[in-house]
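Here's the structure, in structure tokens; my notes come after.
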Amino acid sequence: MSSVFDDLTISHRFADLPQAFHTVVPPQPLANSRLLHVNKELAAQLGLDVSRLGEQEFLDVVSGQAPLPGGLTVSAVYSGHQFGVWAGQLGDGRAHLLGQIDTPNGPQELQLKGAGKTPYSRMGDGRAVLRSSVREYLASEAMAGLGIATSRALALVSSDTPVYRETVETGAIVTRVAPSFVRFGSFEHWANDASRVRELLDYVLREFYPELIVDGESEQERVCRFLQEVTHRSATMVADWQTVGFCHGVMNTDNMSILGLTIDYGPYGFMDRFRVNHVCNHSDNQGRYAWNAQPAVVHWNLYRLASALMVLDLDADLLKERLQTFEASFLKRFHANLQAKFGLRTWQEDDAQLVDDWWRLLHNSGADFTLSFRALAQAGKAPEAFVGLFEGAEDQAQAWWQAYSQRLTLDDSDTAEQREAMNRVNPLYVLRNHLAEQAIQAAAKDDASEIETLMLLLRDPYTERAGYEAYAMPPPEGSAELAVSCSS
């Protein structure tokens, strides 16, 4: 009988690295595993036969009951700075890398999160709860729909296994997909071992940055080029976060992708009411990872990566030059995003003041981040309704609208064509916490209908769909703000 995975080219190139980088460890299946939801769109992109995803063989793999064909299941070691403090050795405490699938768009690794203990679990149980698994499953697809660099999610498995957190919850497994799960902390772990750093760097360059390899160049030149590219990708990623109101919540160096991907969705949040210093993780008592701090934190994390690379006996000043390209990369993407979101044909130096005044208006009024941007396209048709969005700051909103209107006129940007373009970059639907909570509550009853609805909307968050008006609204008035923490 043919296998569901027959048409795939499967390899295990990370597992082929020396054993110092990982440990071979089989997953520990959950009790009565059930396929709650499968991402058919992603499955097709990976080369899987979508018509066969309901077969037991597929469930066996995504629930940790069987490896990928020819599989070698490993968990990776890494270290990192957590909340700015060196935490020492960490690693995949609840993640199992199944292998790599070669696709037309490049290699994609499959990783199970929540499939049991590994040598890096420390005091943890190696499990993930249904609550956090639903949140990660939806968030990664929401970010992909917004065009933001991210890991993806292939499958969500529920079970009858009890998992003990603040309360007793249900165990689940989410299958994560990314070209690689190597992170800044993977290099930090070997900061005192030049040979290991060199091995890991050679692997990352060979597999994911082949365009950076130049014959005959020095190691110094190669590392500088690599660091600048990681800096650029990371700056671009966080600029994209800022302009959709996304807060990661736990931007430790072990949660920073070496490919500039958004990974490790825990206490994340898309802002509802805007606060410039919004903190989405209630475990973050000092506000280290607040919305307005995220770019600086990414830059700080890049310095930690560069510090680990210094073991290769490099010129610190040359590395610093590459790190200092962060601001230019960030601002280029940030301004390009805002230019599109505001519907401007060009970006001018004075537009930075218009943007600053916009953030100040949103902060003073506590207006909804997503809906305020979405309203810009129709503001000219109903300026009074637009000003009314900013309750308690109407005079400030009126003044801002006048400045913005003049700017549109100056740029000849106030056209139907520009307004239509604005609605293609300002989403109507984002994964608000209360929507994720609705999906979690349904999933607890083995009902994936809310997950399916959200996947439909979040894959194309810009197109308004009749009958789904409630999914474009802020949390109901008077509802308590959902608290998310590092256990989320």
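Note that this is a predicted model, so its numbers are computed, not measured.
Side-chain contact check for N105 and T103: no donor-acceptor pair (N or O, by modelled atom type) lies under 3.5 Å. Residues N39 and R459 bring a donor and an acceptor atom of their side chains to less than 3.5 Å of each other. Side-chain contact of Q339 with D351: a donor-acceptor pair under 3.5 Å is absent, judged by distance alone. Counted by atom type alone, E188 and H81 present one or more donor-acceptor pairs between their side chains at under 3.5 Å. Between the side chains of N364 and Q396, at least one donor-acceptor pair of N or O atoms lies under 3.5 Å. In this structure, a donor-acceptor pair under 3.5 Å is absent between the side chains of Y471 and Q438. Judged purely by distance below 3.5 Å, without hydrogens or angles, the side chains of N337 and T243 pair a donor atom with an acceptor atom. Using modelled atom types and a 3.5 Å distance limit, the side chains of Q108 and Q100 yield no donor-acceptor pair. Side-chain polar atoms of N301 and T253 form no donor-acceptor pair below 3.5 angstrom.
Between H299 and F326, the two ring planes are parallel [angle under 30°; tilted spans 30° to 60°]. By the 30° and 60° cut-offs, the orientation of the rings of H248 relative to W241 is parallel. Using a 30° and 60° split on the angle between ring planes, F369 and W291 fall in the perpendicular class, above 60°.
Residue L261 holds its CG atom at 10.5 Å from CE of M143, rounded to the nearest 0.5 Å. Annotation: the span from Q418 atom CD to R345 atom CZ amounts to 4.0 Å, rounded to 0.5 Å. In this structure, I263 CD1 and L259 CG are separated by 9.0 Å, a value rounded to the nearest 0.5 Å. For the atom pair CD of E169 and OG of S133, the computed distance is 10.0 Å after rounding to the nearest 0.5 Å. Of the inter-residue distances, the one linking F274 atom CZ with M271 atom CE reads 5.0 Å to the nearest 0.5 angstrom.
Ion pairing of R183 with D264 is present here, as a side-chain N (NZ or NE/NH1/NH2) and a carboxylate O approach within less than 4.0 Å. A salt bridge does not link E437 with R131: every distance from a Lys NZ or Arg NE/NH1/NH2 to an Asp or Glu carboxylate oxygen is 4.0 Å or more. A salt bridge links R432 to D368: one of the charged nitrogens lies within less than 4.0 Å of a carboxylate oxygen. In summary, E221 and R225 do not engage in a salt bridge, as defined by a charged side-chain N under 4.0 Å from a carboxylate O.
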| message | I'd like to know whether Y289 forms a side-chain hydrogen bond (donor to acceptor under 3.5 Å, both in side chains) with N252, so could you lay out the CA-CA distance, the side-chain angles of the two residues, the decisive distance to 0.1 Å, and finally the verdict. | response | CA-CA 9 Å; Y289 299 140; N252 299 328; 2.7 Å; yes

| Between Y265 and T150, does a side-chain hydrogen bond (donor to acceptor under 3.5 Å, both in side chains) hold up when you go through it step by step? | CA-CA 10 Å; Y265 292 90; T150 180; 2.5 Å; yes

| task | Begin from the C-alpha positions of T170 and V129 and carry the test side chain to side chain contact (heavy atoms under 4.5 Å, CB included) through to its verdict. | result | CA-CA 5 Å; T170 301; V129 298; over 6 Å; no

| request: Please lay out, stage by stage, how Q45 and L154 fare under the test side chain to side chain contact (heavy atoms under 4.5 Å, CB included). | output: CA-CA 10 Å; Q45 293 172 12; L154 174 63; over 6 Å; no

| Does the pair E41 and M455 meet the rule for a side chain to side chain contact (heavy atoms under 4.5 Å, CB included), with working shown? | CA-CA 10 Å; E41 181 181 83; M455 293 283 272; over 6 Å; no

| request: Could you check S365 against E391 for side-chain hydrogen bond (donor to acceptor under 3.5 Å, both in side chains), going step by step and ending with a plain yes or no? | output: CA-CA 6 Å; S365 63; E391 188 175 348; over 6 Å; no

| Criterion side chain to side chain contact (heavy atoms under 4.5 Å, CB included) on F187 and L200, from CA distance to verdict | CA-CA 7 Å; F187 286 89; L200 183 60; 3.8 Å; yes

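Residues F334 and Q242 form a side-chain contact, since some pair of their non-hydrogen atoms from C-beta on lies under 4.5 Å apart. Proximity of V223 to L201: side-chain heavy atoms (C-beta onward) are separated by under 4.5 Å at one or more points. In this structure the side chain of R222 never reaches within 4.5 angstrom of the side chain of V214, judged on heavy atoms. Proximity of Q348 to L410: side-chain heavy atoms (C-beta onward) are separated by under 4.5 Å at one or more points. Proximity of Y78 to V182: side-chain heavy atoms (C-beta onward) are nowhere separated by under 4.5 Å. Annotation: side chain of R127 is in contact with side chain of R165 (closest heavy-atom distance under 4.5 Å). The side-chain heavy atoms of H363 and W358, taken from C-beta on, include no pair separated by under 4.5 Å. By the 4.5 Å heavy-atom criterion applied to side chains, L53 and L48 are counted as neighbours.
Residues A44 and V50 share a closest heavy-atom pair of CB-CG2, 3.9 Å. Of all the heavy atoms in A306 and L319, the pair that sits closest is O-CD1, 3.9 Å. Annotation for T370 and P427: closest pair CG2-O, 3.2 Å, computed over non-hydrogen atoms. Between L371 and A472, the shortest heavy-atom distance links the atoms CD2-O, 3.3 Å. For the pair P476 and H434, the tightest heavy-atom approach, listed with the atom from each and the gap, is CD-CD2, 4.1 Å.
For CG of D447, the number of neighbouring non-hydrogen atoms (other residues, nucleotides, ligands) closer than 6.0 Å is greater than 12. Atom CD of E327 is surrounded by 12 or fewer heavy atoms from other residues, nucleotides or ligands within 6.0 Å. The 12-atom threshold is not exceeded at CG of D395, counting heavy atoms of other residues, nucleotides or ligands nearer than 6.0 Å. Open room surrounds CD on Q286; 12 or fewer heavy atoms of other groups in view lie less than 6.0 Å from it.
Residues forming a ring pair (Phe, Tyr, Trp, His ring centres under 6.0 Å) with F181 (at least two apart in sequence, or on another chain): none.
Stacking of R360 on the aromatic ring of W400 is not recorded, the 6.0 Å distance cut-off and the 45° axial limit not both being met. With a 6.0 Å cutoff to the six-membered ring centre and a 45° limit on the axis angle, R135 counts as a cation-pi contact of Y268. With Y462 as the aromatic partner, R424 does not meet the cation-pi criteria of under 6.0 angstrom to the ring centre and within 45 degrees of the ring axis.
Applying the ring pair (Phe, Tyr, Trp, His ring centres under 6.0 Å) test to pairs two or more places apart or on separate chains, those with a residue in residues 129-151 are H37-Y137.
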